[in-house]
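Just so it is clear: chains get the letters A, B, ... in the order the sequence lines come, proteins before strands, and each one is counted from 1. What's counted below: heavy atoms across the whole structure, side chains too, no hydrogens, waters or symmetry copies.
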Amino acid sequence: MVESGTSLEAKGVAHPLPQACWSCRGPVASGAAFCATCRALQPPAEIDHFRRFDLSPAFDLQRAEVERRYFALQRQFHPDRFAGKSATERLHSVQHATALNQAFGVLADPLLRAEYLLQLSGRPVAGGEAETVADPELLLEAMALREELAEAEDASAVAALLAKTEAMIGEIEVALSGAFASGDLAAAAGLALRFRYMRKFVEEATRRRRQIGA
Amino acid sequence: MQLLEISEPGQTPLPHAEKRELAVGIDLGTTNSLIAISEGGKPEVLRDADGRVLLPSAVAYGPGEPVVGQAARDLLLAAPERVAVSIKRLMGRGLGDLKAVAGTLPFQVEAVEAERMVRLVVGGRKLTPVEISADILRALKARAEAALGRPVTQAVVTVPAYFDDAARTATRDAARLAGLQVLRLVNEPTAAALAYGLDRGAEGLYAVYDLGGGTFDVSVLRLEKGVFQVLATGGDAALGGDDFDHALAEHFLSQRGEAGASPALSVAETKQLLALARGAKERLTTEPEGEWEIVAGGVTSRHRIGRAGFEALIAPFVERTTKTAAAVLADAGLGIEEIKGVVLVGGATRVPLVRRRVGELFGRAPLGDIDPDQVVALGAALQAEALTRGGDTLLLDVVPLSLGIETMGGLVEKVIPRNTPIPAARAQEFTTYRDGQSAMAVHVVQGERELAPQNRSLARFELRGIPPMTAGAARIRVTFAVDADGLLSVTAEEATTGVRQTVEVKPSYGLSEDEMTEMLRQSMEHAAEDMTARLLTEAKVEAERVLFALDAALKSDGDLLSAAARGDIETAVAAVRRTLQGEDRDAITAAVEALDKATVEFAGQRMDRGMQNALRGVNIERLADRFEQ
Amino acid sequence: MPAPAMTLTDAAAERVKALLAKREKPAYGVRIGVRSAGCSGLSYTLEYADEKGKYDEVVEDKGVTILIDAKAVMFVLGTTMDWQEDKLKQGFVFSNPNEKGRCGCGESFHV
């Protein structure tokens with residue numbers, strides 16, 4: 001049992017005070033999706049993707065579980081559920097569904113999830129040009145892969161290269177899980193950047209395979 | 001006499017529920033259109049007085065009212081200059097786009113500005129594809145009203161998944177012109193999956209191969225416990241069974257040429273030839289061969305062709321569809337072996353070669369036990385029922401083509417990539433490239449190509465009033481939002497200096513609000529009245545909402561009010577209720593505004609109480625409990 | 001003692017008792033309300049009541065508790081609630097001396 005409002009704040013409840021319902025104009029508990037008095041749909045709360053899915057921020061997530069929550073929430077908030085409602089509620093439902101789609105996109109993808117976690121902990125992966133140069137090891141690895149791709153002459157060579165990269169990505173995911181679990185954000189940031197490079201390379205190689213195939 | 005049941009609190013069904021919320025599903029096709037209704041999860045296609053299901057998407061214009069359907073198609077041979085067919089291919093298209101379908105559409109086109117919707121000259125009138133489509137929709141609406149014996153004003157209308165924003169907007173506008181409120185635009189393959197999935201309780205990954213008269217779509221969906229999740233979609237908005245007709249027609253023409261007849265045909269003769277080719281295609285679907293006679297320019301020629309010859313003619317088109325289907329699978333990162341079933345949609349999938357090739361591609365016989373002509377309309381009807389009466393299914397669709405902005409050098413910067421789930425919103429920041437630059441042109445495009453001119457231009461606008469800054473200092477935030485209908489809206493604002501302005505974008509090829517109003521005014525039917533009726537309904541829905549909310553508020557906090565204050569509110573409520581019995585929208589709106597004013601103080605008192613409760617820790621404890629769990 | 005706001009027929013009382021007994025959770029009674037809807041303005045609502053509202057009018061008749069929403073009192077004053085049942089349909093009806101008009105379908109009324 002929490003005894004005072006202050007310790008609650010420490011738990012991350014930013015606005016414990018009620019907001020005004022747009023419809024009946026009475027108080028609505030902060031973050032509540034529906035007004036308890038008149039049941040009108042409120043605009044989505046500005047919360048992070050994990051909280052939107054009622055999950056605690058973590059890298060290790062079961063995709064099936066994320067999906068289960070995504071479908072359940074969309075069932076509740078999707079615009080198809082509000083087709084006969086007032087214009088404001090229809091708008092709010094589009095906003096809810098948009099926020100859910102956005103959150104699902106991030107939570108269901110290990111790379112985006114890692115980057116998002118880093119951003120939440122104040123350590124965004126820039127991924128900009130400067131970063132490229134800053135990590136010569138990564139640069140060399142990426143260049144080597146590119147060369148291999150350029151030399152790959154048939155579809156099976158590209159496929160082999162793709163399989164190799166996918167395996168590396170699998171290893172990165174395991175390492176990321178460890179880094180986040182031990183709170184080593186610097187390591188996680190490095191791994192996420194490498195992940196991003198591998199992802200780009202996979203896209204390129206896939207395109208190449210399609211070209212060769214055609 | 002109303003017979004009441006006892007309901008759970010707040011669950012009393014609305015009276016007239018069955019009358020107020022009747023919504024139909026419409027498949028507005030290139031060749032044929034259909035209308036269907038679903039009740040209790042059982043969809044049914046509505047027939048005309050003669051029992052026909054398919055309404056040919058043909059409209060004949062003359063001195064009187066437009067003629068829609070088979071009568072118009074029959075007229076194609078006698079008076080082709082008066083008949084518009086395959087109009088769906090021109091929805092949301094500009095003059096420039098016509099090159100893509102040039103020669104295949106025997107229309108006289110009126111010259112318009114480069115980036116405006118085309119107008120066709122038919123039966124002496126100049127009409128946009130939107131107006132012609134509206135005539136088809138009016139005929140469908142009339143059919144449904146005759147069949148159901150009550151007015152029909154709400155519909156789910158299907159569009160090819162691969163339709164771009166301009167074509168979607170044009171479809172929605174056509175429905176508005178016809179006096180139909182579009183509850184949702186649903187992608188055709190998704191609608192088909194809905195009809196199949198609900199019918200068979202299918203689970204797993206399914207591909208929908210939809211080859212219609214003028215459009216080709218392929219979608220991959222995951223079906224799971226009432227969820228229809230589109231994973232990827234692709235297609236070709238200018239490829240369909242019509243192309244088979246054209247290939248046959250051209251074949252016949254070249255044979256005539258070899259025989260020495262002049263190849264030049266009038267517009268009328270071209271339409272007649274196409275009608276003949278369509279008949280030939282249909283016959284070759286069931287029979288091994290046939291012979292046809294062409295009379296044109298005073299020369300009669302005879303043409304014999306067998307199924308093998310026909311298949312050789314259409315093979316390149318079929319090849320294109322299977323390649324696209326394979327690419328969509330690859331796009332979704334799926335192997336063909338993961339697909340549990342393939343659903344065939346569209347009349348052109350009756351062609352044996354199409355069935356064979358699709359079967360070969362997926363390594364399994366495609367499903368076709370629901371009539372491929374009807375399956376889309378049936379799915380649309382199911383969705384219409386779900387939207388108006390509630391349902392347990394969930395349709396999660398995607399953006400079919402990437403949306404982006406033209407940047408320096410004509411390159412496209414993608415803002416929303418294709419296959420992003422909708423509704424979606426993304427913002428991208430752009431900056432100025434010259435010192436003191438005060439305006440920025442924004443060009444919105446849709447497509448996958450790297451250069452802007454190779455994609456479809458959707459809209460252009462200029463963001464003005466950017467405060468003078470050095471190059472690269474301004475931060476112009478452009479936000480793309482795609483709603484559940486797949487329709488895009490774009491807003492832009494400059495964010496650094498607090499000078500914010502928002503620009504709403506109208507698609508280039510769409511109709512402006514003015515054009516729309518003018519068309520509604522000119523409309524011979526009751527579209528304008530329907531529009532007024534819809535605005536009235538909206539005002540009533542809004543007033544009901546306000547009354548409902550206030551009622552709930554009074555129940556929970558009514559004790560805050562003095563007798564006098566309560567009296568004032570009740571007077572204002574009574575005034576709203578009085579206006580609700582009438583048909584005067586302005587009176588309703590005014591009464592609702594007055595009620596709003598009368599309850600401002602009450603709202604304040606309720607918020608004060610809410611705050612006090614929160615501060616007293618009552619709510620906080622409850623909150624705390626929640627967080628401890 | 002003033003006359004009750006409304007009365008129930010034996011059939012209606014029996015039916016209400018049977019329905020209350022069948023409901024999953026215990027109910028305080030049945031609440032009658034009106035709301036604006038339908039083609040001629042107002043229609044009845046008939047719902048289980050979990051508790052008595054502050055402004056509800058309470059009617060006890062034939063062992064059944066009926067709550068009448070404050071807004072509805074003037075509409076149901078003097079009515080009799082009956083249960084009707086034939087081959088095709090069944091339900092509760094109010095015979096209402098206050099009603100001046102009904103829409104053709106009988107689902108809503110105005111006063």
Which residue out of [options] racks up the most heavy-atom pairs below 4.5 Å with chain B?
| options | result |
| --- | --- |
| A:P79, A:C35, A:S93 | A:P79 |
| A:E67, A:K85, A:Q102 | A:E67 |
| A:V28, A:D80, A:T37 | A:D80 |
| A:A20, A:P27, A:A83, A:A36 | A:P27 |

Using non-hydrogen atoms and a 4.5 Å limit, figure out which bit of [X] sits close to chain A: side chain, backbone, both or neither.
| X | value |
| --- | --- |
| B:V541 | side chain |
| B:A484 | side chain |
| B:V546 | neither |
| B:E538 | neither |
| B:I422 | backbone |
| B:T599 | both |
| B:D485 | neither |
| B:Q383 | side chain |

Please classify the contact of [X] with chain B as side chain, backbone, both or neither, using a heavy-atom distance under 4.5 Å.
| X | answer |
| --- | --- |
| A:N101 | side chain |
| A:F82 | neither |
| A:R81 | side chain |
| A:A40 | neither |

Looking at [X] and [Y], does any basic side-chain N land under 4.0 Å from a carboxylate oxygen?
| X | Y | answer |
| --- | --- | --- |
| A:E89 | B:R545 | no |
| B:K540 | B:E544 | no |
| B:D397 | B:R184 | no |
| A:K200 | A:E203 | no |

request  = Check the surroundings of atom CD in A:E204: do more than 12 heavy atoms from other residues, nucleotides or ligands lie under 6.0 Å from it?
outcome  =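 Atom CD in A:E204 is packed in, count exceeds 12.
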task = Could you check if a side-chain atom of B:P421 sits within less than 4.5 angstrom of a side-chain atom of B:Q229, using non-hydrogen atoms only?
result =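 A side-chain contact is absent here, since even the closest heavy-atom pair is not under 4.5 Å.
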Taking [Y]'s backbone N and O only, do any of them form a donor-acceptor pair with [X]'s side chain (distance below 3.5 Å, no angle check)?
| X | Y | answer |
| --- | --- | --- |
| A:Y116 | A:H49 | yes |
| A:H92 | A:L41 | yes |
| A:S177 | A:E173 | no |

ask   = Looking at A:F201, is A:R146 sitting on its ring face, NZ or CZ under 6.0 Å from the six-membered ring centre and within 45 degrees of the normal?
value =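 Relative to the ring axis of A:F201, which defines the angle, A:R146 lies outside at least one limit.
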